[in-house]
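Note sheet for the following structure.
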Amino acid sequence: MPLALLALAVGAFGIGTTEFVMMGLLPDVADDLHISIPAAGHLVSAYALGVVIGAPLLAAVTARMSRRTVLIALMALFVAGNALSAFAPGNDALLAARFLSGLPHGAFFGVGAVVATSMVAPERKARSVSLMFLGLTVANIAGVPAATLMGQHMGWRATFLGVSAIGLAAIASLALLIPHDRAAAPTTGLRGELAALRSVPVWLALGTTVAGFGALFAAYSYITPMLTDAAGFAETNVTLLLALFGVGATAGNLLGGRLADHSLRGTLFSGLASLAVVLLLFPVLMRAEWSAALSVALLGMAAFVTGSPLQLMVMEKAAAGPSLASSANQAAFNLANAGGAWIGGLALAAGFGVTSPALAGAVLAVLGLGVAGVAYAVDRRHEVAHEGRVVAAHLPEQAAALRS
């Protein structure tokens, strides 16, 4: 695998750290800015909104630029957003800075995935994407806990300065390792990128992302009350247990990349089915501490097995203009974050029990399987139609050969 993938992983590590660290810093930020915890929670939403808006917008604006230049510029915007967060004088300024920090997130992963696959042989494409995503999953193991500890002992502003430093290291890595010639500007431009988004298979792939990762976030958003109220863990142990989720996600990400290079759709179907099974078992697994800890790791593994297959599938369905579609898949991931959390909250508010969000997630995973099945049926129909056209085109030649 090219060393250039390391530069993409460093950028992904910084992005993953800043995305999830705010959850652990909410009490400190709320206390320092004299706002309530729910008001501080809007800082998480501001970042997610930035991702959803920025992913397609920045990918479209930069469609004719060199992808190497785009990646460096996106990381520079990331550094600026986190630096502004560190020096924000109040809540409104911090909200704006968090929105700015989220803008480059989706486009970076979208364009980065296109660059990663362009540097490897076709049979290694999924693995190249999974290695870039490795930075995101490792951030949940090391980056987020370390940044949270930094914020608790040195102040939350120090955390965002630290994340800015990671961004600067990513810029240096991108400039040094991403080659000019292999990341040249595409010829399709904005019109070609937009045309690729009009494809039904692309939207079915995006729908699979929303449903599949919505299943994850329906449960993961409420994992803390499950661990404390159902499994009986002390709140002080939750941070360590969430690191298990990162370990599972990292293992699943690497496994999914390797398997998807052999069978892209098979890996996707098996990953979604495994996710549905794990979520269905949550009410049972949460009855004991050891099985609850295991369930957290299994949740991360089952969910992230599908990460690189989904990203690659969207890119393949939009082969004529993959950057915008690939970035849109990251927007779909964040829509899944918001939508999954909302659906899980509905189950909890309805009084179905503390583990009910996991069951709601299982329903979403099955829905994701259904959308993936429809996408497969559409692909097969297109393949049969194409084969029919090829046969029809050769019939006159065959008839002429018989006459002669």
- Task: Could you walk me through whether Leu206 and Trp203 pass the side-chain contact (heavy atoms from CB on, under 4.5 Å) test, one step at a time?
- Result: CA-CA 5 Å; Leu206 293 174; Trp203 283 101; 3.9 Å; yes
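- Looking at Glu123 and Asp261, their side chains never come closer than 4.5 Å, going by heavy atoms from C-beta outward.
- For Ser130 and Ser308, the side-chain atoms include no donor-acceptor pair closer than 3.5 Å.
- The shortest side-chain heavy-atom distance between Leu43 and Asn91 falls under the 4.5 Å cut-off.
- Note that CG of Leu5 is 11.0 Å distant from CZ of Arg124, once rounded to the nearest 0.5 Å.
- In this structure, the side chains of Phe87 and Leu161 come closer than 4.5 Å at one or more pairs of heavy atoms.
- The closest side-chain heavy-atom distance from Val210 to Val371 is not below 4.5 Å.
- Taking OG1 of Thr137 as the start and CG of Leu134 as the end, the distance is 4.5 Å to the nearest 0.5 Å.
- The backbone N or O of Ile15 sits nowhere less than 3.5 Å from a side-chain atom of Thr18 that would complete a donor-acceptor pair.
- Remark: of the listed residues Thr209, Asn329, Thr306, Asn329 is the sole one forming a side chain to side chain contact (heavy atoms under 4.5 Å, CB included) with Gln311.
- In terms of heavy-atom proximity, Arg68 sits nearest to Ile178 at NE-O, 2.9 Å.
- Centroid-to-centroid, the aromatic rings of His105 and Tyr47 come within less than 6.0 Å.
- The shortest distance between side-chain heavy atoms of Phe304 and Leu216 falls below 4.5 Å.
- Contact record, Thr17 with Ala147: CG2-CB, 3.9 Å, taken as the closest heavy-atom pair.
- Note on ring orientation: taking the six-membered ring where Trp is involved, the planes of Tyr376 and Phe269 are perpendicular (angle over 60°, cut-offs 30° and 60°).
- Looking at Ser291, its side chain does come within 3.5 Å of a backbone N or O of Leu285 through a donor-acceptor pair.
- Atoms CG and CG, on Leu312 and Leu268 in that order, are 11.0 Å from each other to the nearest 0.5 Å.
- Within the 4.5 Å cutoff, no side-chain heavy atoms of Phe233 are placed close to those of Thr224.
- When every heavy atom of Thr117 is checked against every heavy atom of Lys125, the shortest pair comes out as CG2-O, 3.8 Å.
- Aromatic pair Phe333/Phe109: centroids not less than 6.0 angstrom apart.
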- Query: Given the rule in the side-chain contact (heavy atoms from CB on, under 4.5 Å) test, do Ser128 and Met119 qualify, once you have shown the distances and angles that lead to the verdict?
  - Reply: CA-CA 8 Å; Ser128 72; Met119 294 188 291; over 6 Å; no
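- A 4.5 Å side-chain heavy-atom check between Ser173 and Leu6 finds every atom pair outside the cut-off.
- Centroid-to-centroid, the aromatic rings of Phe217 and Tyr222 stay 6.0 Å apart or farther.
- Between atom CZ of residue Arg157 and atom CG of residue Asp28 there is a gap of 12.0 Å, rounded to the nearest 0.5 Å.
- Using cut-offs of 30° and 60° on the angle between ring planes, the pair Trp156 and Phe160 is perpendicular.
- Side-chain contact between Thr159 and Asn82: absent, with no pair of heavy atoms (C-beta onward) separated by less than 4.5 Å.
- Nearest heavy-atom pair across Gln330 and Val51 is O-CG1, 4.1 Å.
- Judged as a side-chain hydrogen bond (donor to acceptor under 3.5 Å, both in side chains), the pairs with a partner in residues 262-275 (not counting sequence neighbours) are, in order, Arg265-Asp379.
- Leu49 CG to Leu95 CG: the interatomic distance, rounded to the nearest 0.5 Å, is 10.5 Å.
- One distance of note links CE of Met286 with CE of Met226; it measures 6.0 Å at 0.5 Å rounding.
- Of the candidates Ile72, Leu71, Val10, Ile72 is the only one forming a side chain to side chain contact (heavy atoms under 4.5 Å, CB included) with Ile171.
- Residues Ala59 and Ala107 share a closest heavy-atom pair of N-CB, 4.3 Å.
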- Item | Trace of the side-chain contact (heavy atoms from CB on, under 4.5 Å) decision for Leu310 with Phe213 | CA-CA 10 Å; Leu310 280 169; Phe213 275 95; 3.8 Å; yes
- Could you check Val120 against Arg127 for side-chain contact (heavy atoms from CB on, under 4.5 Å), going step by step and ending with a plain yes or no? CA-CA 9 Å; Val120 298; Arg127 267 175 281 186; over 6 Å; no
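- For Ser164 (side chain) and Ala83 (main-chain N/O), a donor-acceptor pair under 3.5 Å exists by modelled atom type.
- Ala358 and Leu279 make their closest contact through O-CB, 3.3 Å (heavy atoms, listed as atom of the first residue, atom of the second, distance).
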